[in-house]
> 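My structure is below; once you've seen it, I'll send some questions.
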Amino acid sequence: MKNLDINENKLHFLIQITDDGDVRFMDLSPEMNKGKLPPSEKEAQWYRLLEIQEAGMTTRCHHGTSYKGCEPGFSMKYKSHSDTRNKYGRILQITQEYDGLQAKSFIQFYDGIAAVRCWTELENIGTSEHVLEYVSSFTLTGIESEEKKDRGNDSELWIPHSAWFGEAQWKHCTLYSAGYTPVNHTTTNSVSIGETGTWSSCNYLPMGAITSRKNRTTYAWQIETSGSWNWEIGDKENHLYLQLSGPSAVKGNFTKVLKKGDKFATVPCAVTAVDGDFEKAIQELTKYRRVIRRPNKDNETPSVIFNDYMNCLMGDPTTEKLKPLIDAAARAGCKYFCVDCGWYDDGPWWDGVGEWLPAKKRFPRGIKEVLDYIKAKGMIPGLWLELEVIGIKCPLATQWDKDCFFQRHGKVIIDENRFQLDYRNPKVRAHADEVVKRLVEDYGAGYIKMDYNIDPGAGTDVNADSTGSGMLEHKRAYLEWLDSILERYPDLVFENCSSGGMRMEYSLLSRCAIQSVTDQEDYIKMAAIAANCATGATPEQAAIWSYPLKDGDEEEVIFNMVNALLFRIHQSGHLAQLSPERFALVKEGIDVFRLISKETSKGLPIWPTGLATMQDNLISSGIQYGNTIYLAVWCTKEDETFSIPLGIYTCGTKDKVNISCIYPSNKKTTFDWHEDKQILNVQLKAKTARLFKITTPV
């Protein structure tokens, strides 16, 4: 018996290699839990490092639709391992083989962060074909406390529900309440969450978390793909397991045929294990996200984006309409001005997009006139694109071969009168190259909002073993194209948007500087989305709309600004038509943002009163940086006093705690600090919001 027993970054990691070559993943937990009781030999045989299901092979257990006891995963045998370091930290590679199929499991550690990134690479080194139906990116058995018999009630599950206009609305409950029923030593029942299609966060963020109430250990994870994915939690011989993957045969219409010499890699995922609660686990993921993303000056010194769409021009830009907005955005202190959808067509444009040429009636002297005007006002110009689709009325739709588009059974897929482009096709990538070159080099754009507003299903079967594998190959080709553009234009800022947050995930956000979190048009409902958005993206990448209404009042402006101040201000609204008093509140908010973003872009998210829901009257969300807390509070419906416990953040200090309302500065805000209980009480009127700064002694 050989053990790889590692303590790294407050994590305990244990791989056990048996004398006959079984590779068992025995532990990934906070260091403080490394003394937990080992499983029996009967139980330990299920602690596999890897699950692989191949067509034509059996399974080892009564599994239902779950992927456990898979073959040849269960029969894989140890061949070698390496333990080295790279720029991120320690990295393990463990190689197994069975019947000519070689599997390499990678576990990447990150210095100073209690998280690992995991993925699997397969290669056919034999002569026979291997038809893959499932490959895990990560699988860990034994995630429960020692209370095995009560594992359904001891475990609290966090499920990241999401929707268009309602992103990042997490629900938490016991594993039992989520549908898992521990009846005997094992069951076919599991909790399975995932997406199939090109909107990877349409119904759920590709994330999850589970906390043991007994030992306070929390696991949180994210799956890094903009396509299909799945995670499941079930049991094996009285022990809970967690498995993460991209598409599979059952969940994603995936089959991949590996011929001699062929290779396949799973989508990567990240997992953190902390001695603490959900909040602490998300904080570790936040640190991890900052490390893996592409370096970008925009994230180091976050700036305000003005975008003319939301509750403003709504896809109807013209030179005449834009110039007053550009003037107002410059006066307010915005750095970017992005012209949103509609700039490429004089009329209804939805089903005609694809060529991305400026509309002549909207811009009689050309789009460059507008972008040059933006530059003259000291801002960086931006344009909206949707480069992964073309409309059915676009001339290119009839000029290009069918293989440029997603197809199933020889039929080109149509979704909302649009075709999905296939980025495996060189002609598609060449077209995208040409468009970006024109926008950047000819028009002078330094910012591109990359939107994506359709979901054409499981994928394409053109030149693919299955629709699921066609989808995954397309997604990887798109990422390669995006990398090539950023290499060519390293200072170009990309905003990731998919009808708001329908693709809020880190294969894209490791490349794109900014995430459009939502398309929510109601600023009151926005509060619950804003308060939770740092679960899905780093605060400095999470763009939240602030859009003062034409007929609003001062408190409405303040509420709008507070929605965005801790994250990334996505400014919009008819700024040029606001009263001087209301415009001054916008400018004050942007000035405050510039001051605090130096710290919030490095701080960690906190939720003193828990995550928000759309039904809440009182909501709070904050960012802690050292001994400073920036805390946003909202009252959405009725006047109420908000009691916010801060003791775990102030460490119960009896020294003086300095508290001030830093936005707005000229409105009466009634609050008091209860030193003994470490509670901040704030009196709030209906539909009002405030931003506080709380500083504790060093």
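As the structure is a computational prediction, the values presented were derived from the model and not from experiment.
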> For Arg294, check salt bridge (charged side-chain N to carboxylate O under 4.0 Å, His left out) against everything at least two apart and list the hits.
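Arg294 satisfies salt bridge (charged side-chain N to carboxylate O under 4.0 Å, His left out) with no residue once adjacent residues are dropped.
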
> Please name all residues satisfying salt bridge (charged side-chain N to carboxylate O under 4.0 Å, His left out) with Glu505, sequence neighbours left out, ordered by chain then number.
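With neighbours one apart ignored, the set is empty.
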
> Among all residues two or more places apart in sequence or in another chain, which pass the side chain to side chain donor-acceptor pair (under 3.5 Å) test with Asp20?
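Result, side chain to side chain donor-acceptor pair (under 3.5 Å) vs Asp20: Thr18.
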
> Output all residues satisfying side chain to side chain donor-acceptor pair (under 3.5 Å) with Lys77, sequence neighbours left out; order by chain, then residue number.
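With neighbours one apart ignored, the set is Asp22.
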
> Please tell me whether Phe13 and Phe25 form a close aromatic pair, meaning their ring centres lie under 6.0 Å apart.
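Yes.
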
> What salt bridge (charged side-chain N to carboxylate O under 4.0 Å, His left out) pairs are there with at least one residue in residues 173-182, not counting sequence neighbours?
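Applying salt bridge (charged side-chain N to carboxylate O under 4.0 Å, His left out) to every pair that reaches into residues 173-182, excluding sequence neighbours, yields nothing.
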
> So Leu244 and Val271, do their side chains get closer than 4.5 Å, heavy atoms only?
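The answer is yes; the side chains approach within 4.5 Å.
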
> Using the test side chain to side chain donor-acceptor pair (under 3.5 Å), find all partners of Tyr288 that sit at least two apart in sequence or belong to another chain.
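Checked Tyr288 against side chain to side chain donor-acceptor pair (under 3.5 Å); matches are Arg117, Glu224.
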
> Between Lys693 and Tyr630, is NZ or CZ placed under 6.0 angstrom from the six-membered ring centre and within 45° of the ring axis?
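No.
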
> For this output row, return yes or no: ring centroids of Phe138 and Trp231 closer than 6.0 angstrom.
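That pair fails the under 6.0 Å test.
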
> Which residue is it: Cys70, Ser105, Pro72? I am looking for the one with a side chain to side chain contact (heavy atoms under 4.5 Å, CB included) to Leu50.
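Of Cys70, Ser105, Pro72, side chain to side chain contact (heavy atoms under 4.5 Å, CB included) with Leu50 is met by Ser105 alone.
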
> Got a sec, which residues hit salt bridge (charged side-chain N to carboxylate O under 4.0 Å, His left out) with Lys251, two or more places apart in sequence or on another chain?
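Here the qualifying residues are Glu232.
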
> Glu156 and Lys171: salt bridge (Lys or Arg N to Asp or Glu O under 4.0 Å), yes or no, with the steps?
CA-CA 10 Å; Glu156 184 176 28; Lys171 311 294 181 188; over 6 Å; no

> Please name the residue in the list Asn617, Asp616, Leu618 that meets the side chain to side chain contact (heavy atoms under 4.5 Å, CB included) test with Thr636.
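Considering Asn617, Asp616, Leu618, a side chain to side chain contact (heavy atoms under 4.5 Å, CB included) with Thr636 is found only for Asn617.
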
> Sequence neighbours excluded, which residues qualify as salt bridge (charged side-chain N to carboxylate O under 4.0 Å, His left out) partners of Lys10?
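Scan of Lys10 (salt bridge (charged side-chain N to carboxylate O under 4.0 Å, His left out), adjacent residues dropped) gives none.
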
> State which residues pass side chain to side chain contact (heavy atoms under 4.5 Å, CB included) with Ala689; sequence neighbours excluded, sorted by chain then number.
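Listed in chain order: Phe559, Val562, Trp634.
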
> Suppose we screen for side chain to side chain contact (heavy atoms under 4.5 Å, CB included). Which residues come up paired with Ser137, at least two apart in sequence or across chains?
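In terms of side chain to side chain contact (heavy atoms under 4.5 Å, CB included), with neighbours along the sequence ignored, Ser137 is linked to Thr266, Val267, Cys269.
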
> Applying side chain to side chain contact (heavy atoms under 4.5 Å, CB included), name anything that partners Thr272, two or more places apart in sequence or on another chain.
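Expected list: Ala114, Ala115, Ala220, Val274, Ala281, Glu284, Leu285.
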
> Going by side chain to side chain contact (heavy atoms under 4.5 Å, CB included), name the residues that satisfy it together with Ala543, two or more places apart in sequence or in a different chain.
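For Ala543 the side chain to side chain contact (heavy atoms under 4.5 Å, CB included) partners, ignoring immediate neighbours, are Ile514, Arg568, His570.
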
